[in-house]
Every structure is written in C-alpha cells, then in structure tokens.
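Shown next, in structure tokens, is the structure this report addresses.
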Protein chains: 2
Amino acid sequence: MATARRLLEAEGPGAVTMRRIADEMGIRAPSLYKHYPDKRSLEAALKAEGLREFGAALSSALAKAGSPIGAIAGAYRSYALEHPHLYRLTNDDELPRDLLPPGLEESVAAPLIAVFGSRDKTRVAWALAHGLVSLELSRRFPPDADLARVWQAAVRALEAMTTKELGAARRG
Amino acid sequence: MATARRLLEAEGPGAVTMRRIADEMGIRAPSLYKHYPDKRSLEAALKAEGLREFGAALSSALAKAGSPIGAIAGAYRSYALEHPHLYRLTNDDELPRDLLPPGLEESVAAPLIAVFGSRDKTRVAWALAHGLVSLELSRRFPPDADLARVWQAAVRALEAMTTKELGAARRG
DNA sequence: GTCTATAGTGGGATAGAC
DNA sequence: GTCTATCCCACTATAGAC
C-alpha cells in the first residue's frame, strides 16, 4: 500500500500496476495476491486512505481558522495541488463503497456541513471547490488566468450564500 | 470519427481503440492510419467536435432564456448527463491545444462572459457547474442527495454573485 | 485506401512448488 | 509468503503488397 501510494503520487495512476508495485518492493507480482485478492481491493484501500487524509487536512484547517470558509478553501486547493493524483483518485473516480470503511464519507463531510449550514449548501461549496481544482489540474483554464483571484471570487460567493440565511428567512 | 464518437458515447473511453473503431467500420485497424496519423489526432478531432457542440448547446439555451443563468445551468447539466463520456472527454481531460482549431475555446467562452460580467466570475460559474456534473457523473454524492435542489442553490449563488456588482462598485 | 503479417509493449491473474 | 512459469488478453503502430 505504501509503495502503491508512492508510485501513484510520483508517476500517476498509469504507474500503479501489480508489476510495478512488486518491482518497487523487490518481490514478484504474483506474491501481491497473497495480501490483496485483486487490484480493486488494493485501490479501495488507497482511496480510503486518501479520503481520510483529505478530511483530516480540511478539519485541521478549520480548527485554526479565523474565517472558516476561506480557510477551508485554502486547505482544499493546497491539498489537491500537493497530491494531485491522490486527489483525483478519491474525488474524480467512482468510490468502491462496498469496500470502504462504513461511515467514512459521512465523517469527512460532517465538519463541513456544520460550517455551511446545510447539506445542500455544503454540496454547492464542495462542487465549486472540486470544479476549480479539477479544471486547474487538467489545465483547462487559459494559461494566463489568475486563479488566486478566481478563488477569492468563489470564496466571496460562498460566504454570501451561507450568510444569506437570515435575510431569506425574514423574507420567507 | 462518427464511429469513434458512437463508440465513445455508447461504451465509454475504454472502447475507443483503433481496433474497435476499425471493426465497427468493417475494415482493419491499420487502414485507419491512412486517415489519421495516430490516435491522438483522432481524439483531438473528437474533442474539437465535442467542444463546439457543447458551446452551441449553451448558446442556444441562452438565446431563448428568460433568466439567463438558470437557462445556462439547465442546459449545462442536461448536455453533460446526455453525453457523459463526450462531456468528460472535453471538460475533464487535458486539451490538445496544438491540434485544436484556433479560437475555438474563446468562441465557446465569449457568450458566457457576457452573461456573468467578467472572466473571473465566468470561471467561478464554470467551475461550479463542472463540479456539480462531475460529482454527479462519478456518483460521488450520496444516493439520496436531491440534486435538483442543489442546482437551485447553486444558481441562486451565481445570480447573487453577478448582481452584486452595483453594490460592490459603490463601496469600492 | 485497403489488406496481411507482425513487431513490441504492457496488463491482470492463476497453478503449483518451496 | 515467496517463487517460477505461464495464460490470455489488449493495445498502438509499422512494413510492404495490392
């Protein structure tokens, strides 16, 4: 697993093959099947670790935050840019929910829902952050785009969304 | 190209191989290399077509729109859900900018920039829409999430962002 | 513009000995 | 828990005849 992760982060998903993992460990590929029944289960372990670690990074940014939304956004982007392949594996791919520790997803989401005030708003915030890093990682923005400024605009929009409640409640 | 697109949409990117394309056409794989120098150039043609078509779908939704942002959002989601593999190919993958018709990206973006008022805001809107469909297509939201409501919240946030200008200008 | 033949590379996985 | 040997699969791409 440690080897698989190292390979993934260093060379991308294409490098994570049973043969490469075994090579790096100095053993033969078939030996791996004594530890994992197949490749899918190995990838599932990788995704669970990535999810846990990503959640921890967000929570810890939240803990020392003056302005929570800005802090989460900053931590989200930093983590994704520092671990692009692991980020993609856990947030772009389908999750093997049958092989994941129960409750893991919910435990990652919970602290965020507390910040954004509702599940729906948390999903909007997640989608926005995910969209931004996704497009940045695939270099879909034009090369001259000032992404720091785009993130600032995004954070402002999310802050407006979360504070709007009072006015909306009064109107409703 | 038409065959490649049919394969992509029907069976996903894994089915788009030179062999499958040739099989579907009733010819042999090597014959394809008389029409495209390599696979990358064939994929580039596919991406250009997808980009053009997607842009056209958004523009046409805009043309008959009462509320432009809601209309664009609706068209964005519909297109992505109706052509998931083509959408991913053109919005998730890296673009082969060296093989794309010059000006194509800009011509897709231009009508949107007019709606959202600035490049930065357009990028926020794009990221939000892209994040939402991305997470929906990879089934990353919990199965019981009400995505129609999430999209409504997203559209409200974008509308707030685009109308805020006046107040912000007065303050600034 | 099509064909046959083939090179070269890589992948996941299993059987069975030690 | 490791090994060797192996199966079977798939892919991109080229050479050269027609």
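Chain letters run A, B, ... following the sequence lines, proteins first and then strands; every chain starts at 1. No experiment lies behind these values; they were computed from the predicted model shown. Note that these values count all heavy atoms, side chains included, but never hydrogens, waters or copies made by symmetry.
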By side chain to side chain donor-acceptor pair (under 3.5 Å) - contacts of B:Asp144 (at least two apart): none
Under the ring-ring contact (aromatic ring centres under 6.0 Å, His included) rule, collect the residues that match up with B:His83, sequence neighbours excluded. B:Tyr79
For B:Arg52, all residues meeting side chain to side chain donor-acceptor pair (under 3.5 Å), sequence neighbours excluded: none
Protein-nucleotide distance (B:Tyr36, atom OH; C:dG1, atom P), rounded to Å: 12 Å
Listed by chain and number, what are the ring-ring contact (aromatic ring centres under 6.0 Å, His included) partners of B:Phe141, not counting sequence neighbours? A:Trp126
B/S/- contact track for nucleotides 4-15 of chain C, protein heavy atom under 4.0 Å: BB-----BBBB-
For residues 21-37 of chain A, please give each side-chain donor-acceptor pair under 3.5 Å, one per line with the distance, not counting sequence neighbours.
from    : atom 1 : to      : atom 2 : distance (Å)
A:Glu24 : OE1    : A:Arg6  : NH2    : 3.3
A:Glu24 : OE2    : A:Arg20 : NH2    : 2.9
A:Ser31 : OG     : A:Arg28 : O      : 3.3

